[in-house]
Amino acid sequence: MNKYCLVPVLLLAAGTALAQAPAAPQPDNAKPEAPAEIRSFDASAIDKTADPCTDFYQYACGNWLKANPVPSDQVRWVRSFSLLQERNRYLLWKDLDTAAKDPKTALQRQYGGFYAACMDTATVEKKGLAPIQPAWKLIAEVADANQLPNLLSTLENGGTPDGFFEFGVGVDQKDSSKQIAAIFQGGISMPDRDYYIVDSPRFKAIRTQYVAHVTRMFTLAGDAPEQAAKEAAAVMEIETALAQASTSRTDLRQPENRYHIYTLVDFEKLAPAFDWGSYFKAIGIGQFDTLNVATPSFFKDLNKLIQTEPLDSWKSYLRWHVLHGQAEYLPKAFFDENFDFFSKTLTGQPTPEARWKQCSSLTDDALGEAVGQDWVKENFPPAAKDSMDKLVAALEKSLGDDIKTLPWMSDDTKKAAEEKLAMFRNKIGYPEKWRDYSTVKVDPKDLIGNLHHSAVYERNYGYAKLGKPVDEKEWGMTPPTVNAYYSQSFNDINFPAGILQPPFFDFKIDPAVNFGGIGVVIGHEMTHGFDDQGSKFDGKGNLREWQTADDRKAFTARTDCVADEYSGFEAAPAKGDTPALKLNGRLTLGENTADNGGLRIAYMALLDSLAAQGKTITDKIDGYTEAQRYFIGFGQVWCQNQTEEVARQRVLVDPHSPGKWRVNGSVQNFDEFGKAFGCTKGQPMYPVNSCRVW
Ligand SMILES: [Zn+2]
């Protein structure tokens with residue numbers, strides 16, 4: 001399934017979906033079980049032998065970390081996110097299972113049928129490779145490289161994954177009232193370009209294993225071993241060339257590095273070996289004269305590659321993308337081989353998730369606003385929305401106060417920042433208007449057919465936006481999602497119902513813990529509006545400088561401080577010949593800035609809230625001061641264990657720091673922490689010099 005990530009959104013957390021295809025089916029008989037309640041403040045998680053002033057993360061999480069290794073069907077286990085995701089998914093499964101067995105409404109027939117097709121492994125086995133054979137036949141029939149645009153459009157029109165590049169419609173970065181065509185680099189199968197090009201023993205070994213995996217997949221599909229090996233070599237050659245042509249994730253963080261408006265005529269001159277005009281016509285998007293070519297150098301290189309690679313190599317490459325893109329939905333032999341390389345080897349996951357979990361996630365991906373309608377009725381009380389409105393208002397006030405007192409910013413820029421803040425919009429819980437999926441054909445006996453229909457629906461939904469005004473009410477996450485995001489082009493903050501539950505948000509707990517949980521989440525998303533990327537967009541969501549030149553210089557000096565600081569943190573320890581790996585402070589700069597800002601402004605909001613109740617930050621509950629409960633509540637959101645493989649993978653692909661540094665990096669940049677725990681200036685969590693942006 002193609003995913004068009006054309007509107008940059010800044011998330012609270014990235015799932016492993018970043019690194020691999022969505023969760024997928026695997027036969028097994030595991031019975032779903034209701035997960036236990038998640039405590040918002042867990043005194044038993046605290047490691048009292050650790051000194052909070054030396055390593056606060058170890059103090060807040062130590063006992064939990066010891067008692068909660070990564071389960072065998074996961075690669076990462078986070079006290080807040082993972083436990084709540086499991087709970088939400090279980091509740092989602094109850095809706096799906098009921099609807100699959102006894103649908104009462106048209107919606108239930110649709111999502112129940114989708115889920116049922118996914119669970120029906122007997123039919124998946126019986127069909128074998130039949131669902132992908134029509135696409136392979138089309139590829140086999142191509143006789144000339146000039147036919148590639150026609151082939152690609154035919155595959156995409158049928159919902160079949162292909163490769164090459166990503167294309168879709170997104171908001172114009174410089175005019176957020178417009179939605180324009182945009183084309184991005186793409187076409188590789190491993191998680192990042194570094195897997196293809198970095199010259200280290202670890203990546204060399206992975207590349208060898210990848211080629212062996214591609215060979216085995218083709219062999220499983222019936223190709224003779226020598227033919228399979230030849231095809232795998234062609235796949236590797238083309239994907240390596242595409243990786244070399246790609247811009248790094250870190251460079252793509254700069255909005256100006258992914259914004260290059262071309263006329264269609266000029267774009268065709270940039271890459272004339274591919275007939276773009278007929279391709280765009282054939283995929284059924286409306287007419288356009290200009291488009292954003294996010295990474296022009298990629299298309300220049302792709303052009304050369306189309307001219308120089310033999311047609312047979314392209315055909316192998318396309319056969320691979322059809323097979324690999326759907327491997328998880330094919331019979332068990334293909335699923336297992338795919339899991340073995342992409343999950344076991346690359347991420348260290350020992351066993352696949354139970355099938356009911358995978359099929360629940362897959363249905364949420366494809367029809368999230370269908371099943372979500374029923375899910376929120378059962379799991380999201382209206383009172384939660386009212387409380388969130390109040391919390392968001394409290395955080396907005398804090399951020400406004402913070403801006404007013406910033407020591408490094410001139411009055412003119414402060415005024416502009418306040419204007420942007422006043423234009424923030426927020427969306428809480430779920431959409432006011434649900435998406436209409438009635439045209440998505442669902443057959444309870446045809447998993448891959450359903451996925452094709454869903455892919456075509458998503459694609460057409462996107463294409464229909466071309467030239468239309470932006471729909472401000474649209475959501476980028478489904479209701480049960482445990483996450484939140486800020487959108488630069490929409491200048492809005494978004495909190496799905498899925499995260500507005502314990503341990504983030506708890507009606508039964510004291511305010512300090514809620515401010516440390518959901519309060520910091522809200523502050524984090526708001527700060528994204530002012531991080532290294534967000535600060536380049538104005539209140540209307542347009543890429544436009546609103547800081548004075550001097551203030552931008554001061555801002556950059558401060559973000560440099562954060563980037564250098566986090567670049568010194570170790571993300572994965574040395575193992576054998578493989579050296580320790582440091583964080584990429586540039587890739588994670590926006591998230592770290594948001595974590596630091598969120599912790600500060602939620603604390604300020606807590607002070608206001610306590611003052612309004614006649615309380616102070618030193619009052620105690622169960623032996624901890626309000627301030628200590630706030631910081632422990634925050635720290636315990638991020639307690640996490642993960643496999644060594646995924647720790648290394650995330651350094652390359654995840655703009656978020658690992659839990660330890662989300663906690664320790666944030667508290668060591670905030671003096672109130674050291675004061676709350678009686679630390680001595682100069683201790684690791686209460687340093688003499690620290691970084692501060694907001
Ligand atoms: Zn974020």
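As the structure lists them, so they are numbered: ligands from 1, and atoms in each ligand from 1. Quick caveat, the model's predicted, so the values are computed rather than measured.
- Cation-pi geometry between K420 and F530 is satisfied (NZ or CZ under 6.0 Å from the ring centre, within 45° of the ring normal).
- In this structure F673 satisfies the ring-ring contact (aromatic ring centres under 6.0 Å, His included) test together with F56, F631, F677, sequence neighbours excluded.
- Annotation for L606 and F515: closest pair CD1-CD1, 3.8 Å, computed over non-hydrogen atoms.
- A donor and an acceptor atom, one from each side chain of E474 and Y461, are located under 3.5 Å apart.
- Within the coordination shell of the Zn ion (ligand 1), defined by N, O or S atoms under 2.8 Å, E525 is absent.
- Here the angle centred on the Zn ion (ligand 1), running from NE2 of H528 over to NE2 of H524, is 100°, rounded to 10°.
- Its N, O or S atom nearest to the Zn ion (ligand 1) is what matters here, and for E591 that atom is OE1.
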